[in-house]
Amino acid sequence: MTTLKEFEDALREQGMHMALAILEKLRERDRGKRSAAPARRIAGRKMTPELARRILELHATTEMTQQEIAFELGVNQGRVNEVIKRGKWLEDDPTSPEAVARDKAKARMKDEGGRNRLSRSAASEKRPKRKPVPQAQLNLGDL
């Protein structure tokens, strides 16, 4: 499968300047319709109940998409979805499932930083060895 860049280069080599001009006009039209930059990963802010309430407010009062809300507030689109669909992070409760999961993840990260994990070779030594499976072979006489 060719890329758009390769397609453009082929058009340029063939001297198809009208096709290139049409392609550029289509690009400009599509750029004008975009509301958020594509493929832009946002290192999210910490989710708080206030931020969750702001997400719900924007979702209810505007026609913004989840991606647009995420871009506006500087959070991950997945977090916006969790707030809207499941009501997560609306309470500042340290025993909520989100807070418990966050604390467990932080503890795991802290623990892994201090100890060495098994190397792949050491881990593979603990696994039982598999017996090789004989491969079937088809001869011309079999047909």
Side-chain angles (χ1 to χ4, degrees), residues 1-127 129-130 132-140 142-143:
M1 177 178 252
T2 62
T3 63
L4 187 57
K5 178 72 174 146
E6 291 170 336
F7 179 66
E8 246 183 282
D9 291 341
L11 289 176
R12 202 169 280 115
E13 286 175 13
Q14 297 295 321
M16 302 180 99
H17 300 292
M18 289 298 291
L20 287 167
I22 292 170
L23 188 61
E24 186 57 35
K25 283 186 181 186
L26 290 172
R27 273 197 186 124
E28 287 175 19
R29 183 198 66 190
D30 291 345
R31 275 188 213 119
K33 290 183 179 179
R34 287 186 198 148
S35 58
R40 184 172 188 181
R41 184 160 177 94
I42 299 171
R45 291 171 30 190
K46 181 180 176 185
M47 283 299 298
T48 62
E50 294 79 27
L51 189 56
R53 282 189 280 280
R54 178 75 176 128
I55 288 170
L56 288 177
E57 177 188 326
L58 283 173
H59 179 69
T61 60
T62 67
E63 296 203 12
M64 294 172 74
T65 64
Q66 290 182 6
Q67 184 66 42
E68 291 168 335
I69 292 170
F71 187 74
E72 177 80 22
L73 299 177
V75 296
N76 200 319
Q77 184 266 329
R79 298 291 171 253
V80 172
N81 184 31
E82 288 177 341
V83 170
I84 293 170
K85 302 286 185 200
R86 294 189 227 137
K88 285 188 169 187
W89 289 287
L90 290 173
E91 300 170 7
D92 202 8
D93 180 13
T95 60
S96 69
E98 301 83 40
V100 170
R102 180 196 61 222
D103 294 340
K104 282 183 182 177
K106 283 183 176 179
R108 259 194 326 270
M109 288 171 46
K110 190 175 184 181
D111 186 42
E112 287 175 1
R115 75 180 149 112
N116 291 331
R117 301 185 83 171
L118 287 176
S119 66
R120 285 185 181 210
S121 60
S124 64
E125 288 174 8
K126 291 187 176 192
R127 280 191 232 129
K129 301 271 182 184
R130 292 185 183 178
V133 179
Q135 297 292 321
Q137 189 172 6
L138 185 62
N139 293 322
L140 287 176
D142 295 339
L143 299 174

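- From Ile22, atom CD1 reaches atom CE of Met16 across 9.5 Å, with rounding to the nearest 0.5 Å.
- In this structure, a donor-acceptor pair under 3.5 Å is present between the side chains of Gln77 and Gln66.
- In this structure, Ala70 and Asn76 approach most closely via the heavy-atom pair CB-C, 3.9 Å.
- Residues Ile84 and Leu56 come closest through the heavy atom pair CA-CD2, 4.0 Å.
- The CD1 atom of Ile69 sits 7.5 Å away from the CD1 atom of Ile55 when rounded to the nearest 0.5 Å.
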Taking it one step at a time, do Leu58 and Val80 satisfy side-chain contact (heavy atoms from CB on, under 4.5 Å)? CA-CA 10 Å; Leu58 283 173; Val80 172; over 6 Å; no
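- Evaluation of the salt bridge (charged side-chain N to carboxylate O under 4.0 Å, His left out) rule for Glu50 yields Arg53 as partners, not counting sequence neighbours.
- The pair Glu82-Arg79 meets the salt-bridge criterion, with a side-chain N (NZ, NE, NH1 or NH2) lying under 4.0 Å from an Asp/Glu carboxylate O.
- Going from atom OG1 of Thr65 over to atom NE2 of His59 covers 10.5 Å, rounded to the nearest 0.5 Å.
- Evaluation of the side-chain hydrogen bond (donor to acceptor under 3.5 Å, both in side chains) test over residues 9-23, restricted to residues two or more places apart or in two chains, returns Glu8-Arg12, Asp9-Arg12.
- Counting heavy atoms from C-beta on, the side chains of Val83 and Val75 never come closer than 4.5 Å.
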